[in-house]
Novice: 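For reference, the structure I am asking about is given below.
Order of the sequence lines sets the chain letters (A, B, ...), proteins ahead of strands, with each chain counted from 1.
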Amino acid sequence: MEVAFYIAGAVAIIATGLMLRDWNVVHALLCLIVSLLAVAIVFYVIGAPFVAALEVIIYAGAIMVLFVFVVMLLNLGDSAVAMEKEWLTPRSWTGPAVLAGVLLCEVAYLVVRGTEAHIGMGMVTPKQVGMMLFGPYLIGVELASMLLLAGLVGAYHLGVRTTHIVEMRHARDTDTRRVTPSGGLVLAGTDRPPRTP
Amino acid sequence: MFSLGLTGLLVRRDLIFVLMSLEVMLNAAGLAFVVAGSRWQQADGQIVFLFILAMAAAEVSVGLALVLQLYHQFKSLDVDAMSEMRG
């Protein structure tokens, strides 16, 4: 099974190198996702299936979705259609596609091979992880939950301030009133009623 | 992989790439933890990986919100364009 380990590791490193070499954000994201999937296979091969599943779900799922959303929010432009036509050349997706194909073959091989498909050192089961996690490491779990709460509040705060800045800019630069997406009415410029002291 | 992430952090001047390189570095550290935990048959490595995962999620959410706001302010994702930031 060490062949699978080395192949997955090589795929991870190659995909990360491709990510650094690419000048396009979306292509780099694609390479990064392939790299994360390869790392997940490495986890599975060395006998940590729980962490492999978490890697796929959280890294390749949730965090990459965040990245994709932000790229979509930033790349709003008139040249988007032309850019998309330019991006869909075969040269742009062959590299990640080949690497992902290698990973797919490897997963198929591991599934066919069965449960003893990990390198000889034995596996750490999810049960062991859970017992340790909610036993000696309980304070760490609480600290992680506090950290996640802080991240949630911080992201919300920054997002709200962003929309507020946009509204202020609109109110300063234009004279027309408009309805915000959340339903509020923005009074701007000369359309605004005179201020009474 | 950690050195690749560090190289990306130093080479690229794009904020999105900086965040992605940070992801790669955290992932490499987590991989080292899990491999060590598997080598000595301990579950501690995987638990530390879970903590790294939670930290990466929080960091990325805050970082991407900051990226959005900086983009609205500077109309650019270049790190050098923000070097005039002073208190």
Novice: Can you find a pair of side-chain heavy atoms, one from Tyr59(A) and one from Leu26(B), that are under 4.5 Å apart?
Specialist: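 A side-chain contact exists here, since the closest heavy-atom pair is under 4.5 Å.
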Novice: Looking at CZ of Phe51(B) and CG of Leu143(A), how far apart are the two atoms once the value is rounded to the nearest 0.5 Å?
Specialist: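 Rounded to the nearest 0.5 Å, the CZ-CG separation comes out at 8.0 Å.
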Novice: CZ of Phe33(B): more than 12 outside heavy atoms within 6.0 angstrom?
Specialist: no
Novice: Out of curiosity, does Leu149(A) fall in the hydrophobic cluster containing Leu66(B) (side-chain heavy atoms, cut-off under 4.5 Å, transitive links)?
Specialist: no
Novice: Name the member of Leu29(A), Val153(A), Leu152(A) that forms the most heavy-atom pairs with chain B at distances under 4.5 Å.
Specialist: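 Result: the option with the highest number of such pairs is Leu29(A).
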Novice: Name the orientation class of the two ring planes belonging to Phe49(B) and Phe43(A) (parallel below 30°, tilted from 30 to 60°, perpendicular beyond 60°).
Specialist: perpendicular
Novice: Only counting residues at least two apart or in another chain, list the ones meeting side-chain hydrogen bond (donor to acceptor under 3.5 Å, both in side chains) with Glu23(B).
Specialist: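 Not a single residue meets the side-chain hydrogen bond (donor to acceptor under 3.5 Å, both in side chains) criterion with Glu23(B).
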Novice: Enter the distance from Glu55(A):CD to Asn27(B):CG here, rounded to the nearest 0.5 Å.
Specialist: 4.5 Å
Novice: Would you compute the distance between atom CG of Leu50(B) and atom CD1 of Ile58(A) and round it to the nearest 0.5 angstrom?
Specialist: 8.0 Å
Novice: Same cluster or not: Leu148(A) versus Ile139(A), using hydrophobic residues (I, L, V, M, F, W, Y) connected whenever any side-chain heavy atoms lie under 4.5 Å apart?
Specialist: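 Each belongs to a different hydrophobic cluster.
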Novice: Side-chain atoms of residues 56-63 of chain B: list all donor-acceptor pairs with protein atoms under 3.5 Å, sequence neighbours left out, distances to 0.1 Å.
Specialist:
unit_1, atom_1, unit_2, atom_2, d
Ser61(B), OG, Ala57(B), O, 3.4
Ser61(B), OG, Ala58(B), O, 2.7

Novice: Examine Val24(B) and Val68(A) and state if one hydrophobic cluster contains both, with Ile, Leu, Val, Met, Phe, Trp and Tyr joined whenever side-chain heavy atoms are less than 4.5 Å apart.
Specialist: yes
Novice: Answer with side chain, backbone, both or neither: which region of Val42(A) has an atom nearer than 4.5 Å to a non-hydrogen atom of chain B?
Specialist: side chain
Novice: With a 4.5 angstrom heavy-atom cut-off, is it the side chain or the backbone of Tyr137(A) that approaches chain B, or both, or neither?
Specialist: both
Novice: So, taking the atom named CD1 in Ile63(A) and the one named CG in Leu64(B), what distance separates them when rounded to the nearest 0.5 Å?
Specialist: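 Atom-to-atom, Ile63(A):CD1 and Leu64(B):CG are 9.5 Å apart.
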Novice: Using the rule that Ile, Leu, Val, Met, Phe, Trp and Tyr join whenever any side-chain heavy atoms are under 4.5 Å apart, tell me whether Leu37(A) and Leu104(A) fall into a single cluster.
Specialist: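 In one cluster with Leu37(A): Leu104(A), no.
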Novice: Could you tell me which portion of Leu32(A) (side chain, backbone, both or neither) has an atom closer than 4.5 angstrom to a non-hydrogen atom of chain B?
Specialist: side chain
